Visitor: 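Right, I'll just put the structure down here and ask away after.
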Amino acid sequence: MTLYGKSGMYEQAHKLFDEMPELKCQRTVNSFNALLAAYLHSKKFINAGELLEQLPEKLGIEPDLISYNTVIKAYCEMGSMDSALSMVDTLEKKGLEPDIITFNTLLDGFFSRGRIVDGDEIWGLMEKKNVVPDIRTYNSKLRGLVHGNKVLEAVEFFEEMKNEGIEPDIHSYNALITGYCDEGNLEQVKHWYGELKKSYKPDRATYCKVLSFLRKKNEFEMASEICKEAMDRRLISGVTWMDKLVSESRIEEAIQFVESGLSRSALKLRFP
DNA sequence: ATAGGGTTAG
């Protein structure tokens, strides 16, 4: 069942869910969770919460941890952090235990809203419950610090996680690069881009962020090099970059640029 | 069946 993505698909999902008995399909916690996910992905957050409150007893379905995690995500998305947090008490009263997904969802909600202190408190609660933080836990705090313009603290935290044996992944590097792009710090963007490349291939997010930054800074040399690489890997189209060259009448550079790396399909895209 | 960033698509 592909119920996700498009807004409005929750209606289809709910209709199907209602018709299941006639179709001789038994409704289970799995189909209930699929319904919750449909509401979540259609951004009908409040309905997901209401559904969890009403439907299970009406239908005799016992919600599981996935049901609660889905609704916690919905509350986080709508910014109802108190409701999200209170779901932990609710699920525990039902005899369930919050897992790493529960905590990562909550932490991402708090950290991404700049609520670092509250996030740290929840982090402590997580450890008290013997749920071991993973790379995504660390990354959510990294992004939170960056989002709150605390890039230096983010770098400190980056080092801290390495000391604790958590190997930074591409999201970790991208968070720091984003921080320094937003600060306008060219030297540090270059530094962390270099650090990233020692262990990973930049991904689409890296390229987008770094290229738009370098373009703003008029760092043509480095930008065109990176742009070529990104186009070769089919991760960006390069059209916008070339448009800028053309609009500034830097035609020679644009032509060189095209000849040196642009793929046939990208050319067709620009000059159909 | 549940948790990620970025935005260069126009």
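To find a chain, count down the sequence lines: A is the first, B the second, and so on, and within it residues start at 1. This is a predicted model, so every value here is computed, not measured.
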Visitor: How many whole angstroms separate atom CG of A:D232 from atom P of B:dT8?
Guide: 20 Å
Visitor: Classify the nucleic acid contact of A:D182 as base, sugar-phosphate or nothing, counting any heavy atom under 4.0 Å across all strands shown.
Guide: nothing
Visitor: Which nucleotide in the set B:dG6, B:dG4, B:dT8 lies at the smallest distance from any side-chain heavy atom of A:T178?
Guide: B:dG6
Visitor: Checking A:F110 now: which residues fulfil ring-ring contact (aromatic ring centres under 6.0 Å, His included) with it, not counting sequence neighbours?
Guide: none
Visitor: OH of A:Y39 versus C1' of B:dA1: gap in Å, rounded?
Guide: 16 Å
Visitor: A:L52 has an atom CG; how far is it from atom C1' of B:dA1, in whole Å?
Guide: 14 Å
Visitor: Counting side-chain heavy atoms from C-beta on, which of B:dA3, B:dA1, B:dT8 comes nearest to A:N30?
Guide: B:dA1
Visitor: Hey, can you pull the residues of residues 125-134 of chain A with a non-hydrogen atom under 4.0 angstrom from DNA chain B?
Guide: A:D134
Visitor: Could you measure the distance from the OG atom of A:S112 to the NE2 atom of A:H147? Nearest 0.5 Å is fine.
Guide: 7.0 Å
Visitor: Taking NZ, NE, NH1 and NH2 as the nitrogens, is one of them in A:K73 or A:E77 under 4.0 Å from a carboxylate oxygen of the other?
Guide: yes
Visitor: Tell me the interatomic distance from A:R113, atom CZ, to B:dG4, atom C1', rounded to whole angstroms.
Guide: 15 Å
Visitor: For A:S212, report the nucleic acid contact type (base, sugar-phosphate, nothing); a contact means any heavy atom under 4.0 Å.
Guide: base
Visitor: Could you work out, with ring-ring contact (aromatic ring centres under 6.0 Å, His included) as the rule, every residue matching A:F158, not counting sequence neighbours?
Guide: A:Y173, A:W192
Visitor: Looking only at atom types and distance, does a side-chain atom of A:T28 sit under 3.5 Å from a main-chain N or O of A:N30, one as donor and one as acceptor?
Guide: yes
Visitor: Nearest whole angstrom, please: distance from the P of B:dT2 to the CG of A:L65.
Guide: 13 Å
Visitor: For A:I226 and B:dT7, give me the distance from atom CD1 to atom P, rounded to whole Å.
Guide: 15 Å
Visitor: Establish whether the base of B:dG4 is bridged to the side chain of A:R136 by a donor-acceptor pair shorter than 3.5 Å.
Guide: yes
Visitor: Answer yes or no: does a side-chain N or O of A:K228 lie under 4.0 Å from OP1 or OP2 of B:dT8?
Guide: no
Visitor: Would one find a side-chain N or O of A:K209 under 4.0 angstrom from OP1 or OP2 of B:dG5?
Guide: no
Visitor: More than 12 heavy atoms of other residues, nucleotides or ligands under 6.0 Å from CD of A:E127: is that the case?
Guide: yes
Visitor: Report yes or no: is there a donor-acceptor pair, N or O only, under 3.5 Å between the side chain of A:D203 and the base of B:dG5?
Guide: yes
Visitor: Nearest whole angstrom, please: distance from the C1' of B:dG5 to the NE2 of A:H147.
Guide: 13 Å
Visitor: Check the distance between B:dT8's P and A:L214's CG and give it to me in whole angstrom.
Guide: 13 Å
Visitor: Looking at the side chain of A:L40, which of B:dT8, B:dA1, B:dA3 is the nearest nucleotide?
Guide: B:dA3
Visitor: Picking from B:dT8, B:dT2, B:dG4, which would you name as closest to the side chain of A:T70?
Guide: B:dT2
Visitor: Heavy atoms from C-beta onward define the side chain here; which of B:dT8, B:dG5, B:dA1 lies closest to that of A:N33?
Guide: B:dA1
Visitor: Between A:K141 and A:D120, is there a salt bridge with N-O shorter than 4.0 Å?
Guide: yes
Visitor: For B:dA9, take OP1 and OP2 only and decide whether either is under 4.0 Å from a side-chain N or O of A:R204.
Guide: yes
Visitor: Check side chain to side chain donor-acceptor pair (under 3.5 Å) between A:T137 and all other residues, then give those that pass, not counting sequence neighbours.
Guide: A:N104, A:D134
Visitor: Is NZ or CZ of A:R27 both nearer than 6.0 Å to the six-membered ring centre of A:F17 and within 45° of the ring axis?
Guide: yes
Visitor: Which residues pass the ring-ring contact (aromatic ring centres under 6.0 Å, His included) test with A:Y39, sequence neighbours left out?
Guide: A:Y10, A:H14
Visitor: Give the residues of residues 91-103 of chain A touching DNA chain B, defined as any heavy atom closer than 4.0 Å, sorted by residue number.
Guide: A:I101
Visitor: State whether A:D182 and A:K209 are salt-bridged, where the test is any N-O pair (Lys NZ or Arg NE/NH1/NH2 against Asp/Glu carboxylate O) under 4.0 Å.
Guide: yes
Visitor: Could you check which of B:dG4, B:dT2, B:dT8 has an atom nearest any side-chain atom of A:R143?
Guide: B:dG4
